[in-house]
Amino acid sequence: MTTPSITEEVRTALAEDRPVVALESTILSHGLPPGRNREVAARLERVVREAGAVPATIAVLGGVARVGLSAAELDHVCDPANDLVKLSRRDLGPAFALRRDGATTVAATAALAHAAGIGVFATGGLGGVHRGARESWDVSADLGVLATTPVLVVCSGVKSVLDVGATLELLETGSVPVLGYRTDAFPAFYRRESGFGVPWRVDSAAEAAAVVAAHRAAVPGTAGVLLANPVPHASEMPADLHDRLLAEGLELTRDVRGKDVTPALLEHFHGASGGASLDANEALVLSNAALAAEVAVELAR
Ligand code: PSU
Ligand code: MN
């Protein structure tokens, strides 16, 4: 794979075996509204640093994969005027050749993080199997990439707009260990529980790190690991509001296809929830970044 361009700070940390946490950029450019996205970008990097790790936000700028972004580059990614393309892993080659600016999804970020030598990555929600996938075949590339890329992804499960059961089945098919962090329930992004369980539970960052290390030794060079961390209690969306927005969102996006589906659903949630979805989204991604940093610190011991 093309070696990404890595900032001095991240390169030095990696060379010294110090903890580094990769962060994705699609959540900034396509998942959060302008203004708020820039605040969240800064907070994410701050919580990673406070937990003792170096943050590495990943994007493609001018056709170059970038690992670690300056404040000005974060401004650029977060400004809707720059119209960043949403890049999954399959889009990396075209974006490099055509010198585009793009924000990386979980799939593309995990691939670039791994290419840079980073083993831990935090995000909000993983992409998965969409409802109705039997007809639409809409299954996020995130799942296939996680099955072949040995990176730990810390997230708050998948959105309830997806087919959670089918997503968990494909994670099993891909031999991806799924760990609940201090929970037996697989979380559903805005809600702490999806109605589905997790096959494994860990109760500390040290336990999570031990599992990751053992997984890497047991089946080296294969799948990543998913660490599912529920949205903090105080920021969980009330069930009735969640269920109403979900029903509306599914109806509104019935005719949306391809990579526009997830951003369209998110936009509906953010517009119609009176801020509750944004608060939940921010709280969970910050919590995931902090947990990822704690696990990265343990792995670096
Ligand atoms: N889920 C969220 N917020 C997001 C995404 C997913 O709750 O911002 C983004 C992530 O970047 C994820 C991508 O990798 O959407 C999945 O898109 P698709 O379903 O088109 O593969
Ligand atoms: Mn899709």
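Atoms within a ligand are numbered from 1 in the order they appear, just like the ligands themselves. Note that the structure is a prediction, hence the values are computed from the model and not measured.
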Looking only at protein heavy atoms, which one is nearest to [atom], and how far off is it?
atom	answer
atom 21 (O) of ligand 1	Ser140 OG, 2.7 Å
atom 2 (C) of ligand 1	Lys159 NZ, 2.7 Å
atom 10 (C) of ligand 1	Glu24 OE2, 3.5 Å

**Request:** List the atom of Leu162, the atom of Gly128, and the distance in Å for their closest heavy-atom pair.
**Result:**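 Between these two residues, the closest heavy atoms are CD1-N, 3.4 Å.
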**Asked** Is the shortest N/O to N/O distance between Leu126 and ligand 1 below 3.5 Å?
**Response** no
**Complete:** Under 4.0 Å between heavy atoms, the region of His130 that gets near ligand 1 turns out to be side chain
**Message:** With a heavy-atom distance limit of 4.0 Å, tell me whether Thr262 approaches ligand 1 through its side chain, its backbone, both, or neither.
**Reply:**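 Just the side chain.
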**Item:** Pair Val151-Ile118, side chain to side chain contact (heavy atoms under 4.5 Å, CB included): steps then yes or no
**Value:** CA-CA 8 Å; Val151 166; Ile118 301 172; over 6 Å; no
**Asked** When you check the side-chain N and O atoms of Glu73 and Ser70, is any donor under 3.5 Å from an acceptor?
**Response**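 Side-chain D/A pair, Glu73 to Ser70: present.
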**Request:** Using only heavy-atom distances, determine whether the side chains of Ser160 and His242 contain a donor-acceptor pair under 3.5 Å.
**Result:**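 Their side chains do contain a donor-acceptor pair, which is all the 3.5 Å distance test asks for.
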**Message:** As a check for students: among Thr26, Val285, Leu284, Leu266, identify the option with a heavy atom nearest to atom 4 (C) of ligand 1.
**Reply:**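 Ranked by closest heavy atom to atom 4 (C) of ligand 1, first place is Leu266.
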**Message:** Any salt bridge linking Arg46 with Glu50? Criterion: basic side-chain nitrogen under 4.0 Å from a carboxylate oxygen.
**Reply:** no
**Message:** Pair Leu246, Tyr190 - check side chain to side chain contact (heavy atoms under 4.5 Å, CB included), show working.
**Reply:** CA-CA 11 Å; Leu246 174 61; Tyr190 299 123; over 6 Å; no
**Prompt:** Does Lys86 come within less than 4.0 Å of ligand 1, judged by its heavy atoms?
**Reply:** yes
**Closest Asp138 atom to the Mn ion (ligand 2) [N, O or S only]** =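 Considering only N, O and S atoms, Asp138 comes nearest to the Mn ion (ligand 2) through OD1.
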Counting from 1, what ligand 1 atoms have a heavy atom of [X] closer than 4.0 Å?
X	answer
Asp142	12 (C), 14 (O), 16 (C)
Gly125	1 (N), 6 (C)
Phe189	7 (O)
Ile27	8 (O)

**Message:** For the NZ atom of Lys159 and the CG atom of Leu266, what is their distance to the nearest 0.5 Å?
**Reply:** 4.0 Å
**Asked** Between Asp279 and Arg36, does a salt bridge (charged side-chain N to carboxylate O under 4.0 Å, His left out) hold up when you go through it step by step?
**Response** CA-CA 10 Å; Asp279 292 342; Arg36 186 73 172 253; 2.9 Å; yes
**Prompt:** Are Val67 and Leu92 connected in a single hydrophobic cluster, I mean Ile/Leu/Val/Met/Phe/Trp/Tyr linked by side-chain heavy atoms less than 4.5 Å apart?
**Reply:**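 Yes, because Leu92 and Val67 connect within a single hydrophobic cluster, where side-chain heavy atoms sit under 4.5 Å apart.
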